[in-house]
2 protein chains.
Amino acid sequence: MLELRHLRSLAAIAETGKLVQAAGRVHLTQSALSHQMRALEAHYGILLFQRTGAGLRFTPAGQRLLQLARVTLEAVAGAERDLARLQGDTRGDLRIALECHTCFDWLMPVMDEFRGRWPEVEVDLLAGFHSDPLELLKGGRAELVIGSQKPRGRDYVALPLFRFEILAVLPLEHRLRGKRRIEAADLKGETLITYPVPEERIDLIRQVLKPAGIRLARRTSELTVAILQLVASRRGIAALPNWGVRNYVDLDYVIARRIGARGLWSDLHAVVPRALAGRPYVGEFVDIIRSKCAAGLPGIELL
Amino acid sequence: MLELRHLRSLAAIAETGKLVQAAGRVHLTQSALSHQMRALEAHYGILLFQRTGAGLRFTPAGQRLLQLARVTLEAVAGAERDLARLQGDTRGDLRIALECHTCFDWLMPVMDEFRGRWPEVEVDLLAGFHSDPLELLKGGRAELVIGSQKPRGRDYVALPLFRFEILAVLPLEHRLRGKRRIEAADLKGETLITYPVPEERIDLIRQVLKPAGIRLARRTSELTVAILQLVASRRGIAALPNWGVRNYVDLDYVIARRIGARGLWSDLHAVVPRALAGRPYVGEFVDIIRSKCAAGLPGIELL
DNA sequence: AGAATAACTTGAATACTATTCATATCGGCA
DNA sequence: TGCCGATATGAATAGTATTCAAGTTATTCT
C-alpha cells in the first residue's frame with residue numbers, strides 16, 4: 001500500500017534523476033530504492049520509469065505519482081509547521097552573516113521562500129563583510145553564519161549545506177588556456193584577484209599556493225562582477241565557485257579551469273548557536289538552502 | 001516519521017470517535033491504533049486527543065493533522081484513479097438493481113459522488129422492482145445488485161456493505177406501545193404492510209413470524225412514505241430499516257420498537273459478476289456506499 | 001573489439017518496527 | 001462497590017523494509 005515514504009523517494013528520484021543519488025537524500029541504499037519502486041510498480045501494475053543507461057525517466061504514470069508526491073509532501077510540510085506553532089512559540093530572529101561573498105547569488109530566493117513559510121520569524125541579512133563572522137554569533141549580533149569555517153566549541157553547531165568546486169578563472173587568451181588542469185606552479189607571477197578578506201580565508205592560497213611555497217601579488221574587489229571584469233581585462237586571475245562563473249564562461253567572457261588533479265573543493269555549513277539548532281525554522285532554513293541550491297546550482301554536491 | 005498509515009488511522013478515528021471501531025475500519029486492533037497515535041504524539045511532542053471515557057476528542061493539533069489527512073487521502077485516491085485509467089481502459093456500464101426498496105434513500109448521493117469520480121462509467125439505476133434481482137445479473141441486464149441475498153455460484157461475488165436493524169413500526173397509540181421489545185406472538189391479529197415482494201423476501205416473516213407459526217394479513221405498497229402513512233392511520237404495522245423510520249419517529253408520526261431480544265438485523269451486499277469485481281470503479285462504488293452510509297445512516301454497522 | 005565505468009536488478013539474509021496478545025488502568029454510572 | 005465501556009501498556013511476535021553481495025545491461029573510452 002502506498003506510503004509517504006514512497007512519495008519521498010519518488011520526489012528524490014525526480015530531483016536527481018538517479019537512484020544512487022536519490023538514495024543518499026532519503027538515507028537509504030540504492031538497492032532499497034530499486035526494491036521500493038519495483039514494489040510500487042507491481043502494486044499498481046504499471047511501469048513508473050523507463051530505465052535508461054543514465055538513470056530513470058518517468059513514464060506518464062510515474063509523473064502522475066510524482067505530482068501527487070509534490071502536492072502531498074508540501075501539504076505535510078505545511079501541517080508540520082502548524083504543529084510546531086501549536087507546540088510552542090516559533091517566533092524569533094534570524095540574522096544571517098555570510099563568510100563567502102558569492103553566497104549572495106543564491107541567498108535571496110532562499111530568504112524569500114523562507115519568509116513565505118515562517119512569516120513570524122524576522123530574517124535579516126547582515127550588511128557588509130566581517131573578518132571573522134563567527135565572532136558575530138558569539139557577540140549575539142547574528143544567529144546564523146554561512147561559510148566553510150567550522151566552529152570550535154560545543155556552544156555552536158555546524159549544519160552541513162553543500163560542497164562546491166572552486167575554479168581558476170582566466171582571461172580568454174591566457175597562456176594557460178591550453179591546460180585542462182591548473183597546478184600551483186603554473187600560476188607563478190600572476191596577480192590574484194580576490195574579495196577583500198585575509199589570506200587564510202582564501203582557499204586557493206591556504207590549500208594550494210602556500211603548500212607549494214608560492215606567493216602571488218593580490219588585488220581585491222568586493223563584487224563578483226568586478227572581479228570578473230578585472231580578469232577579463234587581463235589584470236589578473238581569480239578563483240571562484242563553479243556556479244558563480246558558469247554564466248560568464250558560457251558567454252565566452254572568461255574561461256575556467258579545474259585546480260589540481262581532483263579539483264579544489266570547499267564545504268559550506270550553516271553555523272548556529274546550539275540553543276537555536278532545535279528550533280523548527282532553523283532546520284527548515286537549512287533545508288530550503290539545500291534544496292534550492294541542489295536544484296539551481298550546477299555541479300554542487302549536497303553534504 | 002509520518003506515514004499515510006497514520007493519516008488513514010486518523011481519518012478512521014474521526015469518523016467513529018472510538019479507537020475500537022476505527023481499528024476495525026483500518027484492519028488493525030485497538031491496541032495498534034493506541035500505539036500508533038501515541039507514537040505520533042511523541043513524535044510531534046504534542047497531544048492529538050483528549051481521552052475521555054467515551055472515546056477520543058481531537059485537540060487543535062489533532063484537528064490540524066486530521067485536515068491534512070482529509071486532503072491528502074483524497075489526493076491519493078485521485079492519483080490512484082488516474083493510475084487505474086493509465087493502466088487500462090476503465091470505461092464501462094454499471095446498471096444497478098435494488099432488492100431492498102428503502103435503499104433508494106441513500107443511493108442517490110452515492111451515485112452523484114460516483115459520477116464525479118468516474119465520469120467515464122455509465123451508471124444507471126434500473127427502474128421498477130424485480131422479484132429476483134439476481135436474475136438480472138445472470139441475464140446481463142444489470143451489473144450490480146444491492147440486497148441481502150447472497151449469490152449461489154462462483155460466477156458472482158458479494159461485496160459486503162453494512163448491517164442494519166429492522167424495527168417494528170406502529171401507530172402512535174398502538175396497544176403495544178408500552179413494550180420495549182416486540183415478540184412474534186405480540187403481533188397476532190395485526191395486518192402487516194410491506195413492499196410488494198414475495199413472502200420469503202420479507203425478513204420479519206421469514207425469520208420471526210414463520211418460525212413462530214404466525215400468519216398475518218398482508219397489504220402492500222411500493223413507497224416507504226405510503227407504508228408509513230398506512231401505519232400512522234392504523235391500517236396495520238410495518239417492519240422497516242432503522243434509518244428509514246428514524247425521521248418519522250422523531251416527528252412523532254409513528255413509533256418504532258425493537259423486534260425480539262437482540263433485534264432483527266439484515267446484511268446488505270453488493271453482488272457483481274466475478275469478471276467485474278476486479279474493476280477499480282466497482283470497488284470504489286462499494287467504498288462510496290460504505291463511507292456515505294456509515295456517515296449518514298444512524299445505527300448501522302459496517303460489515 | 002575489449003575493458004572500464006556507471007547505472008539498475010535481483011535474491012537471500014538481516015534488522016527493524018508495527019502489530020498483536022494479554023493485561024492493566026481509567027472514568028462514569030447504578 | 002462493582003461493572004461496563006473505554007483506552008493504555010509491555011513483552012512477544014510477525015511481517016516487511018532494508019541491506020548485502022552479486023549479477024546485468026548499456027555506454028564510453030582506448
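Below, chains carry the letters A, B, ... as their sequence lines are ordered, and counting in each starts from 1. Remember, predicted model here, so these are calculated numbers, not experimental data. Just the heavy atoms: all of them, side chains too, but no hydrogens, waters or symmetry mates, feed the values below.
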| message | Can you confirm whether more than 12 heavy atoms, excluding those of A/Arg70, are under 6.0 Å from its CZ atom? | response |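 Not buried by this count: 12 neighbours or fewer within 6.0 Å.
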| task | Inspect the surroundings of CD in B/Glu183 and state if more than 12 heavy atoms from other residues, nucleotides or ligands are less than 6.0 Å away. | result |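 Enclosed.
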Starting at [atom1] of [X] and ending at [atom2] of [N], how long is that distance when rounded to a whole Å?
X	N	atom1	atom2	answer
B/His6	C/dT19	NE2	P	7 Å
A/Met1	C/dA18	CE	P	17 Å
A/Ile13	C/dA7	CD1	C1'	13 Å
A/Gln21	C/dC8	CD	C1'	14 Å
B/Met37	D/dA6	CE	P	19 Å
A/Phe49	C/dT9	CZ	C1'	14 Å
A/Arg38	C/dC8	CZ	P	12 Å
A/Lys18	C/dT5	NZ	P	17 Å

Side chain proximity check, [X] to [Y], heavy atoms < 4.5 angstrom:
X	Y	result
A/Leu2	A/Leu68	yes
B/Ile255	B/Val249	no
A/Ile237	A/Val169	no
A/Glu80	B/Tyr44	yes

| B/Lys179, B/Arg181, B/Arg257, B/Arg175 screened by side-chain hydrogen bond (donor to acceptor under 3.5 Å, both in side chains) with B/Asp186, the one that passes |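 Exactly one pass, corresponding to B/Lys179.
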| query | By a strict heavy-atom criterion of less than 4.0 Å, which residues belonging to residues 25-36 of chain B are in contact with DNA chain D? | reply |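 When residues 25-36 of chain B is checked for heavy atoms under 4.0 Å from DNA chain D, the hits, listed by number, are B/Gln30, B/Ser31, B/Ser34, B/His35.
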| field | Shortest non-hydrogen separation from A/Leu33 to A/Leu19 and the atoms involved | value |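 Smallest interatomic distance, heavy atoms only, reads CD1-O, 3.7 Å.
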| request: Verify whether the ring centers belonging to B/Phe162 and B/Trp106 lie closer than 6.0 Å. | output: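 That pair passes the under 6.0 Å test.
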| message | Before we go on, tell me: are the rings of B/Trp243 and B/Phe164 under 6.0 Å apart, centre to centre? | response |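 So the answer is yes for these two rings.
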| field | Strand-adjacent residues in residues 51-58 of chain B, judged by heavy atoms under 4.0 Å from DNA chain C | value |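 Hits under 4.0 Å, by residue number: none.
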| field | Angle between terminal axes - the helix from C/dA1-D/dT30 to C/dA30-D/dT1, 5 pairs each end, rounded to 10° | value |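 Taking five pairs per end, the axes differ by 20°.
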| task | Begin with the C-alpha distance, continue with both residues' side-chain angles, and end with the deciding distance and a verdict on side-chain contact (heavy atoms from CB on, under 4.5 Å) for A/Ile259 and A/Leu167. | result | CA-CA 6 Å; A/Ile259 297 166; A/Leu167 299 176; 5.7 Å; no
